[in-house]
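Below you'll find the structure, written out as C-alpha cells, and then a few comments.
Numbered from 1 within each chain, the chains take letters A, B, ... in sequence-line order.
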Amino acid sequence: MINCVLCGVGGQGTVLASRILAAAAMKKGEFVQTAETIGMAQRGGCVVSHVRIGEDAVASLVPLGSADVIIAFEPSEAVRALPYLKQDGIVVTSDRAIQPVTVSLSGESYEGEEMLSYLKEKVAHCYVIDTERIIEECGSIKPLNVALVGAVAKSGAIGISVDEVEEILKDKVKPAFLEMNKKALMIGGEAL
Amino acid sequence: MRELLMGNEAIAMGALMAGVQVVSGYPGTPSTEVLETVAKRNPGEIYVEWSINEKAALEVAAGASYSGARTMVTMKQVGLNVASDPLMCVNYIGVKGGMVILVCDDPGPISSQTEQDTRHFAKYAKIPVFDPVDAREAYEMIQTAFEYSEKYETPVIFRSTTRVSHSCASIEVGTFPVHKQPEGFIKHKKWVIFPKLSYQNKLKLEQREEVLAKDFSELSYNQVTGEGKVGIACGGVSYTYIKEELNKTEENYKLFKVATPFPFPERLAEQFLEGLEKVLVFEELDPVIEDALIYLCGKKQLTIEFFGKRNGFVPNAGELSTLIASQCISKFFGKDYENKVASFADAPKLPIRPPVLCAGCPHRASIYAVKQAMKGKKAVFCGDIGCYTLGNAAPLDMVDTCLCMGAGITIAQGIERAGNGSTNIAFIGDSTFFHTGIVGLINAVYNKTDEMIVILDNSTTAMTGHQTNPGIGKTVMGEVAPVVSIKKLVEAIGVSYLKEVDPLDQKEAVKAVQEAQAVDGVRVIIFKSPCIAITKKREEMSVCTGKCTGCKKCIRELGCPALFMQDGTIQIDKSVCTGCGLCSQVCPFGVLKKEED
C-alpha cells in the first residue's frame with residue numbers, strides 16, 4: 001500500500017497532481033483511491049488531496065501517521081500536513097509562501113524560510129522545489145504541480161518512475177503545454 | 001474499461017447503467033457532480049435538467065416515473081427539506097418507473113448548514129434507503145436501488161456522504177443499455193391523492209415495511225461476518241474506517257455492515273446479536289443503526305451492552321475517521337490506545353487560511369458599496385446561501401444573519417416587524433433568488449414591508465461550481481433557453497424602487513443604495529456583474545509604488561487576495577488579479593490603476 005497526501009491552497013492544482021499519480025498507478029494495474037477537497041474551502045482555503053494505491057487500503061482518506069509522501073504546494077501547508085507523515089516518510093515542498101488575506105489584514109506575515117527550516121529539522125527526507133527556477137525556465141508557476149510529482153517519482157517512494165509520469169502527461173496535458181510540463185518534471189527530479 | 005471515478009461520478013455511471021431516462025436536481029455540495037456527470041456522459045437520449053429548486057426537481061422526476069421512465073433526482077441533505085412536501089406524498093402514491101432520490105449528507109459539516117441525517121427522512125417517509133460505503137459499492141448499489149424501486153413501486157433514497165461522493169476509485173465501467181421509450185402516462189385513479197386512498201395506502205406501506213425488512217436481510221450488501229462475543233455494527237463510509245483498523249487487530253469479533261438502515265434488516269441483525277455481550281456501533285451523524293439495534297434488543301429481550309453515540313462513546317458531532325475508529329476499537333477491546341501519530345507542537349505558528357471571496361469577485365464590490373452607503377446608519381444585513389456568505393469575514397463584515405436558502409429576504413421582514421428603526425437589507429444571489437427568494441419578495445410587497453433587497457446577479461450558480469440557472473439562457477444539456485429576466489420579474493411584483501447597476505462602478509453603486517435608502521417600501525437593487533471564474537480576464541492592474549504611502553486602506557477595506565504589502569508598499573499578485581478596478585476606486589492616492597489609465 002502506498003499513501004500520498006497532497007496539500008496546498010485552493011486553486012494551485014493539487015487535484016491535477018493527484019490525478020496524474022492515480023493515472024500512473026492505474027496504468028500499472030493497481031487499485032487506486034483518491035479523496036479531494038471540493039466546495040467552499042476551495043476559495044483560497046487549505047486543500048488536501050489523498051491518494052492511496054493498493055487493494056489493502058480500505059478507506060479513501062490516508063490515516064494520520066501513515067503517508068509515505070507529502071507533496072506540499074506551499075511550505076506552511078507542508079508543516080500543517082506533517083501529522084500525516086509516517087516515520088521515514090518523504091516531504092516534497094514548494095519554497096514559495098502564499099500569504100493568506102488574514103495575514104495581510106493583521107499585518108503579521110510569516111516567513112516561508114522558517115517553515116522550510118522546520119521541515120528540514122523534522123523530516124530526514126525533505127526536498128524543496130525551487131519555484132524561481134520553474135518560473136524562469138517554464139515561463140510560469142503553473143507547472144509547479146508537475147515538478148512536485150517529478151521529485152516524488154524520482155525518489156522512488158511511490159513505485160512510479162519519472163518516465164511513467166511523462167507517459168501520463170501526454171494524455172493529461174494539452175500538446176501546447178507538454179514541453180513546458182516535461183521541463184517542470186525534469187526540474188522536479190533534479191531537486192533530489 | 002477501468003476509469004478513475006469520483007463517488008458522485010460512479011453514482012451517475014451506475015444510474016446510466018441502470019437505464020435512467022430522466023434526471024433532475026438542484027446543485028448543492030457534495031451532490032452536484034452526479035447530475036453533471038449524467039449530462040456529460042449522456043449517451044444522447046437522457047433528459048437532464050437543473051430545476052429551480054429541489055421541490056420542482058422531485059416533482060419532475062415523479063411525473064416521469066408515473067409515466068414509466070426510470071428517474072433520478074439529486075440534491076444535498078438540506079435540499080431534501082425543500083423537496084419534503086412532494087416526498088411525503090409521493091411515498092403514499094408510489095411510482096411506476098424506478099425512482100431514485102439521491103441525497104448527499106455532509107458529516108462535519110464541511111459545506112452545509114447542519115449535520116442532518118437523511119436516514120431519518122427515509123424512515124419518516126417510510127421508503128427504503130441505501131447507504132454505500134465507497135465509490136465502488138455506490139456504482140453497483142445504485143443499480144440495485146433502481147430494481148428495488150420498481151419491484152416495490154416506491155421511490156427509494158440513495159444516501160451518500162461527502163467522503164463517499166468526493167472520493168475516487170478505479171472502477172470497471174460497463175456499456176450503457178439501449179434506451180427504451182417509456183410507456184407514457186396512463187390515466188388511473190391511483191395517481192390522485194385523496195384521504196381514502198391515503199388510508200388504504202398507509203396500510204400497505206406498513207405491511208410493505210415488514211416484507212422489505214425480510215428482503216433486505218438477504219441483500220448481499222448487508223453482511224454479518226466473523227464470530228465472537230463482541231460485535232461491531234456500522235454503515236456508510238464509517239465501515240471503511242473501522243475495517244481499516246480492524247484489519248490490524250487479532251481480536252475476535254462479529255462485524256455487521258448495514259447497507260439499508262431502513263427498513264432495518266432485522267433477521268440479519270438478530271443473527272448478528274446472537275451470543276453477543278457487547279456491541280460497538282460506529283456511524284456518522286445520528287445513532288440510526290444504534291437505535292434500531294437497541295430497539296431490537298428490547299423486542300427480543302436481549303441483554304447486551306451498547307457502546308455508541310447514546311453513551312458518548314462515539315463522538316456525537318463531526319466526521320469520523322480511522323483515528324477515531326482506532327481509539328474506539330482500543331477502548332472497546334479494553335486495550336490502551338497507542339498513539340502512533342507524532343506531535344508537532346513545536347512547529348512555527350501556522351497562518352489561518354479561511355476561504356475568501358476570489359480576487360475580482362463582483363460580490364466584494366456590491367457588498368462594499370452597500371457598506372459605504374450605509375456607513376454611520378443603523379442597519380441589519382441579512383445574508384443567504386452562496387459565495388456572498390463569505391462577506392461575513394473581515395474586513396467586509398457584512399453578514400448579520402444566514403439561515404437557509406432564500407431566508408435572508410424573509411428574516412429581514414421579521415426583523416422589521418419587531419424592529420427598532422434599523423434599515424433591513426437582504427443580500428441574495430441570482431440562483432438563490434430563483435430557488436426560494438422570489439417567494440420572500442412577493443411576501444414583502446404584499447405585506448407592505450419596509451426592506452431593501454440586494455440581488456447579486458453574477459449570472460451563474462457559483463458556489464457549487466457554476467451551474468446554469470433560469471437567468472442565463474442555457475441549460476445543463478447545452479441548449480439555448482429563454483432568459484427569465486430578474487428585473488422584469490421584480491417590476492411585475494411591484495416594488496417601490498428598482499435599479500440595475502454594475503457594482504464595479506462604485507460611484508453609481510453607492511448612489512443606488514443611497515437612493516433606495518431614501519424611499520419607503522420594498523426597494524430592490526440588482527447588482528449585475530458576471531462571476532470572474534466564468535469571464536475572461538479583463539485588464540491588468542498596475543502599481544505606481546512611488547506614490548504609495550503604505551496606508552494599507554485598500555487591504556483594510558477590501559481584503560482582496562491579490563493585494564499584499566512588500567517593503568512598505570502595496571503590491572498586486574498578477575497571477576490572481578482580474579483587473580476589476582475596485583481597489584483603484586478605494587485608493588486615496590491614485591496608486592492602484594488599470595494598466596490602460
Closest non-hydrogen atom pair, A:R19 against B:C168 = NH2-SG, 3.3 Å
Nearest heavy atoms of A:F31 and B:R2, plus distance in Å = CA-NH1, 4.3 Å
ask   = Where on B:T322 is there a heavy atom nearer than 4.5 Å to chain A: the side chain, the backbone, both, or neither?
value = side chain
task = Drop me the distance from A:T34's OG1 to B:H166's NE2, to the nearest 0.5 angstrom.
result = 11.0 Å
query = Where is the tightest heavy-atom contact between B:L4 and A:V32, given as atom of each residue plus distance?
reply = CD1-O, 4.1 Å
task = Count the heavy-atom pairs under 4.5 Å between each of A:E121, A:Q33, A:K86 and chain B, then report the option with the highest count.
result = A:Q33
request  = Count the heavy atoms of every other residue, nucleotide or ligand shown that sit under 6.0 Å from CD of A:E55, and state whether that count exceeds 12.
outcome  = yes
query = More than 12 non-hydrogen atoms from neighbouring residues, nucleotides or ligands closer than 6.0 Å to CD1 on B:I534, yes or no?
reply = yes
message = Counting only non-hydrogen atoms closer than 4.5 Å, does A:E30 touch chain B with its backbone (N, CA, C, O), its side chain (CB onward), both, or neither?
response = backbone
message = To the nearest 0.5 Å, what is the distance between CD on A:E36 and OG1 on B:T162?
response = 13.5 Å
query = Looking at B:G559, B:A325, B:C358, which one has more heavy-atom pairs under 4.5 Å with chain A than the rest?
reply = B:G559
query = Is chain A contacted by the side chain of B:L323, its backbone, both, or neither, given a heavy-atom distance below 4.5 Å?
reply = side chain
task = Write down the atom of A:I98, the atom of B:R353, and the distance for their closest heavy-atom approach.
result = O-NH1, 2.8 Å
query = Which distance, rounded to the nearest 0.5 Å, do you find between the NZ of A:K142 and the OG of B:S575?
reply = 8.0 Å
task = Determine the option with the most heavy-atom pairs under 4.5 angstrom with chain B, choosing from A:S76, A:A22, A:G65.
result = A:S76
inquiry  = At a heavy-atom distance under 4.5 Å, which candidate from A:P83, A:A35, A:A59, A:A23 has the highest pair count against chain B?
reply    = A:A59
Trace of the side-chain contact (heavy atoms from CB on, under 4.5 Å) decision for B:D346 with A:Y118 = CA-CA 9 Å; B:D346 59 340; A:Y118 182 77; 2.6 Å; yes
inquiry  = Heavy-atom pairs under 4.5 Å with chain A: which of B:K349, B:R136, B:R556 has the most?
reply    = B:R136
request  = Could you grab the distance from atom OG1 of B:T240 to atom CG of A:L61, nearest 0.5 Å is fine?
outcome  = 7.5 Å
message = Quick check on B:C361 against chain A: is it the side chain, the backbone, both or neither that has a heavy atom closer than 4.5 Å?
response = neither
message = More than 12 heavy atoms of other residues, nucleotides or ligands under 6.0 Å from CD of A:E137: yes or no?
response = yes
task = Tell me, for B:L5 versus chain A, whether the close heavy atoms (under 4.5 Å) come from the side chain, the backbone, both or neither.
result = neither
remark   = If you tally heavy-atom pairs under 4.5 Å between each of B:E33, B:M6, B:K243, B:R163 and chain A, the highest tally belongs to B:R163
task = Can you tell which part of B:E3 gets under 4.5 Å to a heavy atom of chain A, answering side chain, backbone, both or neither?
result = backbone
query = Just wondering, do A:M115 and B:P348 contact through their side chains at under 4.5 Å, heavy atoms?
reply = yes
message = Could you check whether atom CD of B:E172 has more than 12 heavy atoms from other residues, nucleotides or ligands sitting under 6.0 Å from it?
response = yes
